[in-house]
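What follows is a short report on a single structure.
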Amino acid sequence: LSLSDVAEQVRRGEAFLVVPHLRPDVDALGSSLGLAAVLRALGKQASVFVPGKLPRSVAFLVSGASITTSVPAGVRFDATFVLDTATPDLVPAGLPEVDRRGPLIVLDHHAVHDDFGDLVVRDDAASATAELVVALARELGLSSLPAACATPLYAALAADTGGFRYPSTSASTLRLGAELLDAGAEAWPVAQQLFEVWPMPRLRLLAALIDGLETDFDGRLAWLRVSRALMREVGVDDDQVDGLVNYGRMLEGVEVSVLLWEWPAEAGAQATKLSLRSNGEVDVAQLARVFGGGGHRAAAGALAPLSMERTAARLRAELELVFRVSGP
Ligand SMILES: [Mn+2]
């Protein structure tokens, strides 16, 4: 860890660009908004850059001018933070040239990752990137957390721990959650946004997914499949498919849940997105790696340049090895 080096960059600088990964999730965007609030509390300028359409699931974090969809022209940044990002492939396009963006500072908690960035603080023991943002705030001498960072950082923590339930939830995670509530975050409105408020089409999609659920390897594996035709039929976009893989893991006896998701074809080429969840026994980040993806031990994903059936066959071959090695 080089938190003190990062803190030194912050002390020396005036203006910072803050960037979450492409199609940001709640930890990526919440950590970015939280970091921007911390920087502003220290008297610095901070811009959070999120190009393109914001996923519906994170829209509640954004109000007014808290993000920008294009890098402000004419500003020279002293450094650019990239948050919750394990690979340069997920850094959004459109960052300024190096003389205008300064060094790339990566704050991340993915166990499987590529080496990139000029200064890297990566801690796979952190339950969320939000924890690293708070560690940096402390390194910078902020005695109390600014109110503006409370909700985004609390939401990030709650999202990546599944509502403070996953094995990554430690006593210090809960203490940090409490500190963020003290700073002004509200637990229930955040929980509603993260876990409770679903549009009808998403519930209908879940019903269809559960209807089509198949088990494999004596009930240790759950398969879920989403086709474009099903998505059209129930009226959902890609945002709303995210996270549904968790439902396969709920089934008693399931160790790994797989969601295969037909991805929009580009230039006639077929592609399938894989979402993987494990109960902790099987390291699904390693499985995702086979398809060029990544993630965490219990939650990972990849985009395979294959049809859904060929992706399933390839994955099943990998899983045969996993389940044979780990035994019944
Ligand atoms: Mn994260």
Side-chain angles (χ1 to χ4, degrees), residues 1 3 6 18-38 48-50 54-55 57-62 67 81-92 104-114 116-117 120-137 149-170 172-174 176-177 180 185 190-191 193-195 239 242-243 245-246 273 275-278 280 283-286 288-289 293-302:
L1 294 187
L3 262 185
V6 176
V18 181
V19 186
H21 61 70
L22 276 177
R23 298 183 300 277
D25 63 7
V26 171
D27 184 30
L29 184 58
S31 294
S32 299
L33 294 168
L35 175 60
V38 165
V48 178
F49 171 52
V50 186
L54 205 60
S57 53
V58 302
F60 75 98
L61 291 169
V62 173
I67 63 167
F81 284 90
V82 177
L83 273 71
D84 199 38
T85 306
T87 159
D89 301 345
L90 288 177
V91 177
L104 216 54
I105 303 175
V106 176
L107 305 183
D108 184 36
H109 70 133
H110 289 88
V112 176
H113 57 82
D114 297 329
F116 76 104
V120 182
V121 177
R122 187 174 273 119
D123 180 5
D124 63 10
S127 66
T129 297
E131 283 199 24
L132 304 179
V133 171
V134 173
L136 177 60
C149 80
T151 295
L153 292 180
Y154 180 86
L157 213 54
D160 268 24
T161 58
F164 301 100
R165 291 178 306 158
Y166 295 160
S168 56
T169 307
S170 65
S172 71
T173 314
L174 292 173
L176 177 52
L180 291 164
V190 169
Q193 292 294 332
L194 294 181
F195 307 114
D239 287 0
D242 262 330
V245 62
N246 289 317
K273 198 167 166 181
S275 285
L276 302 162
R277 293 292 183 275
S278 128
D283 184 351
V284 290
Q286 295 303 333
R289 197 69 169 165
H296 305 282
R297 184 178 180 83

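Scope of the values below: all heavy atoms of this structure, side chains included, with no hydrogens, waters or symmetry mates. Throughout, numbering of the chain's residues begins at 1 and tracks the sequence. Each ligand, and each atom within it, is numbered from 1 in the order the structure gives.
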### Straight-line distance of D242 CG to K273 NZ, nearest 0.5 Å
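That separation rounds to 5.0 Å.
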### Nearest non-hydrogen partners of L54 and V50, listed with the distance
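So the minimum-distance heavy-atom pair works out to CD1-CG1, 3.7 Å.
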### Task
Without swapping roles, check the side chain of D27 against the backbone of T129 for a donor-acceptor pair under 3.5 Å.
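Pair found, side chain donor or acceptor close to backbone of T129.
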### Task
Output all residues satisfying side-chain contact (heavy atoms from CB on, under 4.5 Å) with T161, sequence neighbours left out; order by chain, then residue number.
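S127, F164, S168, T169, T173.
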#### Entry: Residues that A155 engages under side-chain contact (heavy atoms from CB on, under 4.5 Å), provided they are two or more places apart
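A155 satisfies side-chain contact (heavy atoms from CB on, under 4.5 Å) with V26, F60, L61, V190 once adjacent residues are dropped.
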### Task
Tell me, please, which residues at least two apart from H296 pass ring-ring contact (aromatic ring centres under 6.0 Å, His included).
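With neighbours one apart ignored, the set is H109, H110.
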### Task
Sort by chain and number the protein N/O/S atoms that are closer than 2.8 Å to the Mn ion (ligand 1), and list them.
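Result, waters dropped: D27 OD2, D84 OD1, H109 NE2, D160 OD2.
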